[in-house]
There are 2 protein chains.
Amino acid sequence: MLQQRSKDTKETIRLNALRLFAKSGYSAVSMRDIANAVGIQPGAIYNHFPSKQDILVDLMMTHMVDLLAAANNAMDGVEGTRNRLVAFARFHISYQLDFPDHVFIAYMELRSLEETGRQDVYVKRDEYEAILREVLEQGVKEGTFKVANAAVQTRALLAMMTGITVWFREDGELNRDQVIDCYVQAVLQSVGIQE
Amino acid sequence: MLQQRSKDTKETIRLNALRLFAKSGYSAVSMRDIANAVGIQPGAIYNHFPSKQDILVDLMMTHMVDLLAAANNAMDGVEGTRNRLVAFARFHISYQLDFPDHVFIAYMELRSLEETGRQDVYVKRDEYEAILREVLEQGVKEGTFKVANAAVQTRALLAMMTGITVWFREDGELNRDQVIDCYVQAVLQSVGIQE
DNA sequence: GTCTATAGATAGATAGAC
DNA sequence: GTCTATCTATCTATAGAC
């Protein structure tokens with residue numbers, strides 16, 4: 001029971017820290033802000049995390065591991081470079097929209113990470129980029145895609161798709177599926193595929 | 001003379017604040033950090049800016065005004081939607097590479113702006129987006145471009161091109177012109193134009 | 001495991017001498 | 001216009017009672 005209650009508190013700290021870091025930035029959020037959001041005293045946070053920095057590392061690494069697992073799962077068994085590109089694009093955009101705070105932090109707070117944690121995150125990020133890059137390279141090799149440089153195009157497409165969270169709102173003019181379709185078309189055309 | 005020396009100090013404060021904000025984030029940078037970089041005492045900054053927030057507003061608004069003027073200048077007299085799209089893309093990417101800190105701050109520190117300054121920046125940003133959006137809309141109208149939604153594609157392309165500053169290094173594998181060519185090709189293909 | 005209380009450092013901003 | 005000195009508030013983190 002006590003253990004269960006403890007796990008709940010830790011998870012609540014994680015959720016609130018994530019939301020606050022995403023909204024205001026790591027440096028702008030104090031342990032008091034997090035404690036107030038959770039409904040405990042600032043000192044109590046240190047029963048669950050040894051430091052503020054450790055909360056950030058925990059959030060970012062958990063996100064990267066989850067993201068990689070989900071991506072590999074989404075790509076599993078998908079055949080053909082065009083299909084694989086579409087699968088990746090749909091997965092990536094959907095994931096951004098489902099977990100905008102995680103994504104925003106992983107992208108924005110790299111500079112707030114101290115050296116050790118940062119290297120771990122970089123490794124995971126490179127692993128994630130490699131999934132898309134290999135699809136593009138395969139497409140170029142087959143002659144299916146027309147791409148000048150697969151590594152550059154990988155970063156270009158990831159930036160394009162990740163940027164969706166900056167402006168998209170569920171109650172906006174276009175719904176989620178319509179927006180995803182726009183982006184998928186842009187991605188496909190950008191590698192030289194006409195529908 | 002004294003006035004001249006004063007102007008220099010103010011400009012040095014601006015330059016150092018810009019660099020530090022871009023590197024560590026607005027909240028993570030203290031007035032002491034800026035003063036140390038400039039080589040003056042913290043209190044002396046207040047002879048030039050009434051508050052830390054005012055430095056940020058100054059930097060962001062100056063950037064947006066300069067960006068808009070430069071963009072309008074670059075587009076001036078360019079005829080034809082394809083040419084105008086290429087002109088905008090080349091201008092935008094070159095500007096990002098020339099002023100990466102300005103661009104990064106304008107994008108990242110919107111959340112650090114208090115309400116009044118933020119509205120002013122939003123107006124300028126919308127004005128900038130409109131330049132590209134109008135090119136895309138014109139191309140769709142003519143049948144030159146194949147774009148599902150010009151507003152969505154505008155944001156997608158801006159995010160794609162802006163992301164270049166995250167990874168590009170002048171001493172990297174590809175030089176500036178090669179990278180710009182990659183991006184311009186991706187932009188053109190993304191609107192359905194094959195070279 | 002959470003509380004109260006607080007240590008020790010640092011934040012933005014101001015006052016007054018020069 | 002810059003300096004030294006400092007105010008007040010807040011920061012991360014810790015100590016010890018319960």
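A note on names: the letters A, B, ... follow the listed sequences, proteins ahead of strands, and every chain is numbered from 1. Keep in mind the model is a prediction, meaning the values are calculated, not measured.
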note = From CG of Asp54(A) across to C1' of dT12(D) the rounded distance in Å is 13 Å
request  = Could you tell me the separation between the CD1 atom of Ile45(A) and the P atom of dT12(D), rounded to a whole number of Å?
outcome  = 9 Å
remark   = Ranking dG1(D), dC3(D), dC3(C) by distance to the side chain of His48(B), first place goes to dG1(D)
query = Expressed in angstrom and rounded to an integer, what is the separation of Asp33(A) atom CG from dT10(D) atom P?
reply = 11 Å
request  = Not counting sequence neighbours, which residues clear ring pair (Phe, Tyr, Trp, His ring centres under 6.0 Å) with Tyr26(B)? List them please.
outcome  = Phe21(B)
request  = Please identify each residue that fulfils side-chain contact (heavy atoms from CB on, under 4.5 Å) with Tyr122(A), with sequence neighbours left out.
outcome  = Leu110(A), Arg118(A), Gln119(A), Arg125(A)
key: Annotated protein contacts, base or backbone, on nucleotides 12-18 of chain C with a non-hydrogen cut-off under 4.0 Å, one of B, S, - each   = BBB----
Rounded distance in Å - CZ (Phe49(A)) to C1' (dA13(D)) = 16 Å
Could you tabulate the donor-acceptor pairs under 3.5 Å formed by side-chain atoms of residues 129-147 of chain A, not counting sequence neighbours?
| unit_1 | atom_1 | unit_2 | atom_2 | d |
| --- | --- | --- | --- | --- |
| Gln138(A) | NE2 | Glu142(A) | OE2 | 3.2 |
| Glu142(A) | OE1 | Thr81(A) | OG1 | 3.1 |
| Glu142(A) | OE1 | Thr144(A) | OG1 | 2.6 |

query = By side-chain contact (heavy atoms from CB on, under 4.5 Å), which residues pair with Pro50(A), not counting sequence neighbours?
reply = Asp54(A)
task = Round to the nearest Å and state the distance from Ile34(A) atom CD1 to dT12(D) atom P.
result = 8 Å
request  = Please list, chain by chain and in numerical order, all residues satisfying side-chain contact (heavy atoms from CB on, under 4.5 Å) with Ala35(B), sequence neighbours excluded.
outcome  = Ile40(B), Pro42(B), Ile45(B)
query = To the nearest angstrom, how far is Asn36(B) atom CG from dC3(D) atom P?
reply = 11 Å
